[in-house]
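All of these numbers come straight from a predicted model, not from anything done at the bench. A note on names: the letters A, B, ... follow the listed sequences, proteins ahead of strands, and every chain is numbered from 1.
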2 protein chains.
Amino acid sequence: MEITELPKGYTKDELIQPQTKLSESNLKSMLRSMNLKVTNQRLSILKALNKGPKTHVTAKDVFERVSAEYPNIGFATVYRFLKETSRFGITSELRIGYAPTRYELKVREHHHHIVCTKCGKIVEFQNEIIEDQIKKVGKDHNFSIEHHIFELYGFCNNPNCCK
Amino acid sequence: MEITELPKGYTKDELIQPQTKLSESNLKSMLRSMNLKVTNQRLSILKALNKGPKTHVTAKDVFERVSAEYPNIGFATVYRFLKETSRFGITSELRIGYAPTRYELKVREHHHHIVCTKCGKIVEFQNEIIEDQIKKVGKDHNFSIEHHIFELYGFCNNPNCCK
DNA sequence: CCAAAGATGAAAATGATTGTCATTTTTATT
DNA sequence: AATAAAAATGACAATCATTTTCATCTTTGG
Ligand SMILES: [Mn+2]
Ligand SMILES: [Mn+2]
Ligand SMILES: [Zn+2]
Ligand SMILES: [Zn+2]
């Protein structure tokens, strides 16, 4: 079957390990490296992205986290900046089923995701064999591959997976 | 970089080979196998999906093709039925960047796509090694994998690839 | 401090997809 | 062929994530 429905339980928290905590000056130099001005809103968005345990967050998630600090933040600012981060390779985008786009800071190595379509759990994995095959496929078809999406969907065999 | 933008030239026709031409009675039995009533609109949508050379079509593409035969067709009918076909595994869905969902009749074997983000060309490929790794990853993480998405994005080294 | 250049937020716009519902069509059964 | 129940259709409104617009602030280099 193809991805035709949202992962039902996707509101649940994910079980990913908390990630490296980046310092304020780390975040500022990130912004400078993007040739963007350093604003409180942007720093706050980066902090929100960097805050565990939920590391795959939607624009709405970010908006809510930042709103606590800056109640006047606008959605446009969040969306605009998230797109920038993705454009500059600071974050990667995750499109799961028909759910809103999720973002994650690229603080860990390149990886992909297995999504439980029952409880929404997201597990990360890496696979060198697949990455090698991607290069091969590109070569075989005379394409310069710039990026790829690769996500697995199924059911986690977890005792506490909902229902 | 992640998929942050639409393939620019995606309006262009794709260069996929025309696919097996299914007969009207083939299409009718498809519908019956789905426990759906046989209507002219549905047959026309299936025909549209089955018509080359563009085999990865959006709801709008289908709407336009069907409109020629049934000028009163509504978008709702197209969307509703396309979703059904996907649910029953008659079609597979393709989500390319932020472009509208594309559908393709499952008349060929399981495969994936390389998309040229410059000219929109879509090339299909199969890779057994990757499919095997998918099974392995599922097993390793104790998931029952139901489906997966896997698409490569890049530039085709094609003399007639736009600019 | 000052003046671009850039960033922000409010609000409206966009665009794909879905929901509603009155009307029509299909199909199995007389 | 007539009929009745179930299902499908199409017009239209609604949703909802994301983007655009634009007038008003901020940032930053000089
Ligand atoms: Mn991840
Ligand atoms: Mn295909
Ligand atoms: Zn990869
Ligand atoms: Zn596959």
*Asks:* In whole Å, I'd like the distance from the CG atom of A:Leu31 to the C1' atom of C:dA5.
*Replies:*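 It is 17 Å, rounded to the nearest whole Å.
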*Asks:* B:Ile45 CD1 to D:dT9 C1': how many Å, rounded?
*Replies:* 11 Å
*Asks:* Taking only the side-chain nitrogens and oxygens of B:Thr101, find out if one of them lies under 4.0 Å from OP1 or OP2 of C:dA16.
*Replies:*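 No.
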*Asks:* In whole angstrom, what separates B:Tyr98's OH from C:dT14's C1'?
*Replies:* 16 Å
*Asks:* Mapping A:Arg42 and B:Val38 to their closest nucleotides on DNA chain C, which lands nearer the 5' end?
*Replies:* A:Arg42
*Asks:* Could you pick out which residue, B:Ala59 or B:Asn40, lies toward the 5' side of DNA chain C when each is mapped onto its nearest nucleotide?
*Replies:* B:Ala59
*Asks:* Is a donor on one side and an acceptor on the other found under 3.5 Å between the side chain of A:Thr91 and the backbone of A:Ser86?
*Replies:* yes
*Asks:* Quick one: A:Leu82 CG to C:dT8 C1', roughly how many Å, whole number?
*Replies:* 15 Å
*Asks:* Is it the case that A:Glu93 and A:His56 place a side-chain donor and acceptor less than 3.5 Å from each other?
*Replies:*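 Absent: no donor and acceptor within the cut-off.
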*Asks:* Can you tell me how far P of D:dA17 sits from NZ of A:Lys83, to the nearest Å?
*Replies:* 17 Å
*Asks:* Using whole Å, what does the distance between atom P of nucleotide C:dT17 and atom OH of B:Tyr103 come to?
*Replies:*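 So the two atoms are 7 Å apart, to the nearest Å.
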*Asks:* So, OP1 or OP2 of C:dA16: does either fall under 4.0 Å of a side-chain N or O from B:Thr58?
*Replies:* no
*Asks:* Could you check which residues of residues 67-81 of chain A get a heavy atom under 4.0 Å from DNA chain D? Sort them by number, please.
*Replies:*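 Result for residues 67-81 of chain A: A:Ala76, A:Tyr79, A:Arg80, sorted by number.
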*Asks:* Give the rounded distance in Å between these two atoms: NZ of A:Lys37 and C1' of C:dT8.
*Replies:* 12 Å
*Asks:* Between B:His111 and B:Glu124, do the side chains contain a donor N or O and an acceptor N or O under 3.5 Å apart?
*Replies:* yes
*Asks:* As an exercise, state the distance from NE2 of A:His113 to CD1 of A:Ile149, rounded to the nearest 0.5 Å.
*Replies:* 12.5 Å
*Asks:* Is any side-chain N or O of B:Gln41 closer than 4.0 Å to OP1 or OP2 of C:dT25?
*Replies:* no
*Asks:* Are the side chain of B:His112 and the backbone of B:Phe150 linked by a donor-acceptor contact shorter than 3.5 Å?
*Replies:* yes
*Asks:* C:dA16, C:dA7, D:dT9: which one has an atom nearest the side-chain heavy atoms of A:Leu36?
*Replies:* C:dA7
*Asks:* To the nearest 0.5 Å, how far apart are CZ in B:Arg80 and CD1 in B:Ile45?
*Replies:* 9.5 Å
*Asks:* Please give, in whole Å, the distance from D:dA17 C1' to A:Leu94 CG?
*Replies:* 16 Å
*Asks:* Are B:His147 and B:His110 an aromatic pair by the rule of ring centers under 6.0 Å?
*Replies:*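 No, the ring centres sit 6.0 Å or more apart.
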